[in-house]
Amino acid sequence: ITNVNKPDSPIRDLVKPFRLLVRRWRILKLKFSLLILYGSTVKIGKNVAIGARPSVRSNREFNLGEKVRIGPDFACYVNLRVGNSTLISGSVAIVGNDHPIDMPENVFEACRSDDCLVEIEGDNLIGFGAIIIGPCKIGRGAVVGAGCVVTSDLAPNTIYAGVPARALRQRRRLT
């Protein structure tokens with residue numbers, strides 16, 4: 001039988017604030033050390049949260065509006081603009097349609113284009129595991145279902161699902 005009401009030792013009382021500080025430092029370190037950015041313009045609005053293990057490599061622009069939430073394992077390899085009040089689930093990939101395949105050089109030696117831009121206008125939900133292939137624009141209020149592959153522009157206030165993304169219905173707004 002172990003003694004449940006074991007008194008705290010004086011050393012344990014001294015170490016307790018340091019343990020809390022170390023825990024908080026680990027959380028801060030995770031949030032700030034995992035975002036890798038390449039580019040000249042980076043803007044992140046207020047109240048933005050990015051999950052663990054993001055991989056972001058934008059050449060020119062990476063802009064997140066206010067109240068944006070991005071889940072874990074997010075990957076972005078294009079220039080990106082995200083409007084306010086947007087939810088991006090985990091394991092979402094935003095990539096560019098930028099590898100030229102009809103060139104005289106082989107695919108490995110062909111130059112990539114830096115001009116690919118994906119714009120998510122705001123009030124959007126991007127479902128788990130969705131793949132967005134730019135350049136494209138996702139209209140305000142559009143919902144992209146889980147596992148959806150977006151290859152072209154999406155209309156506002158519409159729900160999309162499938163491979164490739166197809167419109168299911170208009171989004172109902174409750175007032």
Side-chain angles (χ1 to χ4, degrees), residues 30-31 34-103 107-108 110-175:
L30 284 177
K31 285 186 179 178
L34 294 173
L35 185 60
I36 303 169
L37 298 172
Y38 298 98
S40 58
T41 304
V42 176
K43 293 180 184 173
I44 298 178
K46 294 179 183 175
N47 203 4
V48 171
I50 300 173
R53 300 174 303 279
S55 177
V56 178
R57 291 181 177 90
S58 299
N59 293 328
R60 293 198 177 120
E61 178 178 0
F62 183 76
N63 296 338
L64 301 178
E66 295 183 3
K67 294 193 291 185
V68 174
R69 300 287 186 272
I70 298 176
D73 300 315
F74 172 73
C76 177
Y77 299 104
V78 297
N79 299 312
L80 179 66
R81 282 187 210 144
V82 179
N84 298 337
S85 303
T86 297
L87 297 173
I88 299 175
S89 300
S91 299
V92 170
I94 301 177
V95 297
N97 186 12
D98 58 355
H99 285 282
I101 57 174
D102 294 327
M103 301 295 283
V107 175
F108 187 81
C111 294
R112 295 180 76 181
S113 170
D114 292 340
D115 296 334
C116 189
L117 172 68
V118 172
E119 185 173 358
I120 302 172
E121 290 188 336
D123 187 27
N124 299 96
L125 170 63
I126 311 296
F128 184 88
I131 300 171
I132 301 171
I133 301 172
C136 68
K137 180 187 259 187
I138 298 175
R140 179 171 299 284
V143 175
V144 177
C148 193
V149 176
V150 176
T151 59
S152 62
D153 293 352
L154 303 184
N157 294 316
T158 306
I159 299 173
Y160 290 87
V163 178
R166 291 182 300 279
L168 296 181
R169 65 176 174 83
Q170 288 292 309
R171 185 174 164 195
R172 290 188 208 110
R173 300 284 188 152
L174 300 176
T175 57

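Remember, predicted model here, so these are calculated numbers, not experimental data.
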Identify the two heavy atoms, one from A167 and one from T158, that lie closest to each other, and give their separation to 0.1 Å.
CB-CG2, 3.7 Å
For A161 and L168 the tightest heavy-atom approach is CB-CD1, 3.6 Å
R57 and S55 side chains, donor-acceptor separation under 3.5 Å:
yes
How long is the straight-line distance from CD1 of I132 back to CD of E119, given to the nearest 0.5 Å?
12.0 Å
If I take atom CD1 from residue I70 and atom CG from residue L80, how far apart are they, to the nearest 0.5 angstrom?
7.0 Å
List for me each residue that meets side chain to side chain contact (heavy atoms under 4.5 Å, CB included) alongside K46, sequence neighbours excluded, and say none if there are none.
E66
Would you check if V144 and V92 make a side-chain contact, meaning some heavy-atom pair closer than 4.5 Å?
no
Using the salt bridge (charged side-chain N to carboxylate O under 4.0 Å, His left out) rule, pick out the option among R171, K67, R140 that qualifies with D123.
R171
For residues T151 and P164, report the shortest heavy-atom separation together with the two atoms involved.
OG1-CB, 4.2 Å
Which pair of non-hydrogen atoms, one from N124 and one from G139, has the smallest distance, and what is that distance?
ND2-O, 2.8 Å
Please report the interatomic distance CG(L125) to OG1(T86), rounded to the nearest 0.5 Å.
9.5 Å
Qualifying residue for side-chain contact (heavy atoms from CB on, under 4.5 Å) with I120, from L64, V68, V82
V82
Do K137 and L117 come within less than 4.5 Å of each other through their side chains, counting heavy atoms only?
no
Interatomic distance, CD1@I138 vs CD1@I126, rounded to 0.5 Å, equals 4.0 Å
Any idea which heavy atoms bring A155 and Y160 closest together, and the distance?
N-OH, 2.8 Å
Rounded to the nearest 0.5 Å, how far apart are CG of L154 and SG of C148?
7.5 Å
Sole residue of V150, V149, I94, V118 in side-chain contact (heavy atoms from CB on, under 4.5 Å) with I133:
V149
Heavy-atom side-chain contact between C116 and P135 under 4.5 Å:
yes
